[in-house]
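In what follows, a single structure is set out as structure tokens and then discussed.
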Amino acid sequence: MTPKTNTAQLPKDVLLDLQDVKVSFETREGTVTAVNGVSYKVRPGEVLGIVGESGSGKSVTVRAIMRLLAKNAIEGPKGSIRFNPNGDQTYDLHELSRDNRQIRALRGNRIGMIFQEPMTALSPVHSIGSQISRTVMLHRKSTKAEARARARDLLERVQLPNPDLMLDRFPHQLSGGMRQRAMIALALACDPSLLIADEPTTALDVTTEAQILELLKSLQAELGMAIIFITHNFGVVADIADRVAVMYLGQIVETGDVDDIFYAPKHPYTQALLQSIPRLGQKKVRRLKTIRGSVPDPYHIPSGCPFHNRCDHADAALCTQERPPLRGFDNGQEARCHFAGQLPEASL
Amino acid sequence: MLSFILRRTLWAIPTLIVVSFISFLIIQLPPGDYATAYAAELRNGGDYITEAQEEAIRTQLGLNDPVLLQYGRWIGNILFHGDFGQSFHWNAPVSDLIWDRLALTLLLSTLSLVFTWIIAIPIGVYSAQRQYSFLDYLFTVFGFLGKGIPDFLLALVLMWISFIWLNLDVGGLMSPQFEGQPLTWAKFVNILSHIWIPIVVLATGGAAGLIRVMRANMLDELGKPYVETAYAQGLSERQVVWRYPVRVALNPFISTVGWALPALFSGDVITAVVLNLPTTGPLLLQALKMQDMYLAGSFILILSVFTVIGTLISDILLAWSDPRIRYA
Amino acid sequence: MSVDPNHPDLSLEVAAADGEGLYTARPWQLIWWRFRKHRLALASLVFLIFAYTVAIFAEFVAPYSPTSIERLQTFVPPQVVRVWHDGAPHRPFIYELERTRDPVTARVTYVQNRENPIPLKFFVRGEDYKFWGIWRTDLHLFGLDDRRQKVNLLGTDSLGRDLFSRLVYGARVTLSAGLIGVLFAFVLGLFFGSISGYYGGFLDSSIQRLMEFIRSVPTIPLWMGLAAALPIEWDPLFVYVLITLILALIGWTHLARVVRGRFLSLRTEDYVMAARLAGASEYRVITKHMLPSMTSYIIAAMTLAVPEMILGETALSFLGLGLRPPVVSWGVLLQDAQNLRSISLAPWLLTPGLAVVTVVLAFNFLGDGLRDAADPYGH
Amino acid sequence: MTQMADDLLFSVRGLTKHFVLQQKTWHKPERVLRAVEDVSFDIRKGETFGLVGESGSGKSTVARLLLRAYSLTSGQLLFRQADNSVIDLSELDNRHMRPLRREMQMIFQDPYSSLNPRMTLQELIGEPMQLHGYSEEEIRTRVASLLSEVGLRPEYAARYPHAFSGGQRQRICIARALALNPSFIAADEAVSALDVSVAAQNINLLQDMQEKFDLTYLFITHDLGMVEHISDRLAVMYLGRIVEMGTTDELFAQPKHPYTEALLRAVPQPDPRQRNQEKRGALKGEIPDATNPPSGCAFHPRCPYATDLCKIERPAQRAIDGRQVSCHHAETLALEGVGT
């Protein structure tokens, strides 16, 4: 199989490159646009955090990368998703169909993925060990014994107690945290260069969440893969991400280094969200800052800047009519707001 | 696992006792008893029998004893002597009448079950995977028809069609000239040319329902996160579907396999009557109509025992295939 | 007004309804809107209403008594009602039938006399009957003025009885047996299901054991055994009730399971607890909060159970274990079509089978449509 | 008549709830979930009392016991009624509880399942009033005013819940809870299911209502940031027991139970500079099975400070510096709090 490589080879320091990705879904009510022109890059070995509320399109975007979109999905005409797993070979993922051989060779091999619900994301009728070794055998053409040994190592690496015993355990015999560890072991089965984590700690208790985040951080340091970490929790992003992208209604409204996002947000949505979260040890105020209204449903996305009807700084003429461009700053920060950089400083 | 099997097996025992008791009650239900019937038979034959003689027979056979005692005697004879009693109508021991018919019934049922599964599983999986496709609709229509057409009607129509268009006389399991003959190639071919109708009839009814079940199970399972996980490992669509959701969707199936066997036994009662098959069904029907109660009760007992054992087997199979049950 | 994207928007089902109408639509209205989308279910509903109307007015709809024997009109094939005679339109009529005997095979055949159209009349006077056993009348929906000729839309049987009339009378027995059977089953199912689901604990587990036991008994032989145990000489009406009861005895476990499942899931719904915490009595919680959201499910489940009962009755009667002549039911009618010889001689004897299939399918479609529409809130 | 201090609304002593999951049979022992075990605390009038803990710690069960949605296995539940008399709720049966229901209400976590989809807002919000004998006219005007109170338009009264988003539904729940002018509201994870930007609005609404109607809250959450913001006093629960209780400020500034410390450490802070590699996730393992709790101090298998004593003997709850703590080593440990 000769992999199809693109004429435009991605530079060595870009692992994944999304340009203008657009995903809509054909439903009986009409077409819903879930992702509307998302672009971002992931560099080898970095952790990109993607934050957003429900319906912001963060999960759909990564499913477009994995080519695991639902069957009623329509992708935008222009967008591209390019992946450069080893630094010298670029795959045009956006051209691959769901069941394409090339993407199958990448999935579980160069790209690993972990999911929100550790309860249901593992097959209930197969043992942990057999699920992991099946992936190993699929991509590494190794024998059963080798794959099982590899599975055992992986379970040890994710710090599951008694890895030898765990190989033959079934998911329902493990606790939520242990299941998520097994899920991570499965995603790392073939040393991927990119790990996609879709809200992996949302269903877990706060103490377990902390353990899983610690584990992911140490594994990342050890194995050097890049991580796309999706969450709605700003605390989790602050803990794990190097860079952050904030999403709202299918668009990235702001990206930047984690410190810049948290200490010098440029987009009013980011600013307002950060201020509305009560946090530990903060000077107590009686009232929390809020964003007015609620997240619009995907069938009625406002015109112009989608945030204008909830924004305190919106200009009636400009923001309701014109979709703002992405404004870049010297520090690499970008914000999709007409007034980015001109708004009053409002951070923590 | 072993303790599970043991527990399930022990649990089957009280069920068997109750089932056998019910079978016995059915024997007892009709007014009159063996002695009455026997006396009536004798009188019809022109013999003279007094009330006192009839009563003597009754006492001799223990028919005046309490029901429980009679039940004990009946079940005791079956358990310890294999004696199911006497068929009044055939004037022969029940056990002589039952066994060879049971063998044929078993053959027919097993073949139909295998056939049912061979049809139902792939179609159910396909229908779920290609929901709302043309073939899915077609199978749905087939499923509804299969559910709506009574077995005996299907049997009648098939028989009629094959008679009119194929000019085959398809009643029975073989042509009359082969009956009682040793198995030869010709007889085998002849049986094959007969057996397909009952199998098609029995399998269509069963498959129609199972396709719906399999499709619904598969649709449930295909939406679950572990399927996405499997895709994310790089497995192809076929590998994902057959290794993961099908395994899980089959579990409710397995839980009915043991139960399907006796269901086919009883389902075949009606079909067998229509198609004039030498299986247990027609004999049971005849026994019931003649109120030949020892024969009928024994049949019901045996079928019930099959059902209980079938349920037991499917529970064990299910535990074997689904770790969630095994380790519960 | 925004709708949470995680919960499927109802307007998807009721796009026709305008915004505010949708938001203030009563639950039954939403169910109806959704049900309306299922064309097949809707058609089935119409068909079943038609079938039951015919069954209710059987004496009036049937041109003849189901038992009147006509020795010279045995095995008459179905007669076609025509509207075209002699190259010109004509009011609905049938041709006169002439009975001849094949000189070679000595078989009776019927030949249409193309010269002699006999007009079909509506609301004609015919045989006397007592409508619902109360009013004596001789009015029939349709028939012939000429008493010597008969109109046999579906032909006649071996005794020359009009199959159409028998089918119509049979519909009354078979269709009502299905309903009454389900009603018995429902009473049992509701009783056991609700105490099982509501009280839980020991009662629940014993009822569950009982249901498991019933499930593990082979149904058809048991039916047959019970049905066969009914003495032949009993009153047909009494036998009819007992047969439906036997059918119900087997069928109730499924309904009980549905009821119990709904009870269990509703009991843990927060809104049920909210009502209790608002001070609502047990009675009010059940009648006002739990039952309304169960009824649609239960109606759907009952609709799906009716065909089982109909098939059960038909099968038992077909085998000669259920209803017996002179009672006319579809199963009894099908007894005449039990062997190849009679079918090849008179294939129209299978029409009651066609009726069974149509009704059973209609109930299945209707039930499926109801089940889909039962929960308009898409949980 | 039973007595309690004047400033208390609730006085809970020895509250215990066991759920029998599996009756004893010949081959299986009885399985009992000890959801709440010997819990005692007081709620003062007008305060917000917080209850935190991981899932399975029994905090929701406590709320349901206070409102007598469940019967108690044992314990005493003193409640001050509107007329200032004190009554022991633990002894009341369902029928006698009914008149008391107007004084205590509950808000649930899932705004979708807590509203009967088959009732209009008018019927939903009006139901409690209808049950307590208000006239039709009174109900109509009060529903309208309650709706505007929680920021919804009065003309929405004719609508069904499916017309509203999660945040709005939660407001409907708040309106319903307020309908009878209760003195006490238990909010069980009332904002956990909402989007970040909407949660803040509803928290503010709850606080406004508290001020306006002189309400007392029991606020249950697993979000420590939220509980610190809203509650005056706080109890931390672990496996059905209270491990530490005190004023929120003190407890957060200087926890005295290792579990409180671990919880505080585990909270991910929206502050990249506070990334702390060693501290977070220091807690081993996960919350054990409540049907089979560990011996001694239930927390000992996960506690970094556990000694042999902790494995054998269960620590009693005792007062230290105006706080209740259940830890053998509470006095000697120097634990770390957060912030100010």
(message) Sub-4.5 Å heavy-atom contacts with chain C: which residues of residues 94-107 of chain D show up?
(response) D:Arg98, D:Arg101, D:Met104, D:Gln105, D:Met106
(message) Once rounded to the nearest 0.5 Å, what's the spacing between atom OG of D:Ser113 and atom CG of C:Leu266?
(response) 11.0 Å
(message) What's the separation between atom CZ in D:Arg118 and atom CH2 in C:Trp28, rounded to the nearest 0.5 Å?
(response) 7.0 Å
(request) Heavy atoms only: give me the nearest D:Ala69-C:Arg276 pair and the separation to one decimal. (result) O-NH2, 2.9 Å
(message) Can you confirm whether C:Phe50 is buried at CZ, in the sense that more than 12 heavy atoms of other residues, nucleotides or ligands lie under 6.0 Å from that atom?
(response) no
(message) Measuring from atom CE of C:Met290 to atom CG of D:Asn116, what distance do you get when rounded to the nearest 0.5 angstrom?
(response) 11.0 Å
(message) How close do C:Ala275 and D:Glu127 get, counting heavy atoms only, and between which atoms?
(response) CB-OE1, 4.1 Å
(request) Against chain C, label D:Leu131 side chain, backbone, both or neither, depending on which of its atoms sit under 4.5 Å from a heavy atom there. (result) side chain
(message) Restricting to non-hydrogen atoms, name the atom on D:Phe108 and the atom on C:Leu277 that form the minimum distance, rounded to 0.1 Å.
(response) CZ-CD1, 4.2 Å
(message) Show, in sequence, the C-alpha distance, side-chain angles and deciding distance for C:Leu30 and D:His162, and conclude whether the side chain to side chain contact (heavy atoms under 4.5 Å, CB included) test is met.
(response) CA-CA 11 Å; C:Leu30 290 176; D:His162 65 75; 3.7 Å; yes
(message) To the nearest 0.5 Å, what is the distance between CE on C:Met273 and OG on D:Ser114?
(response) 12.0 Å
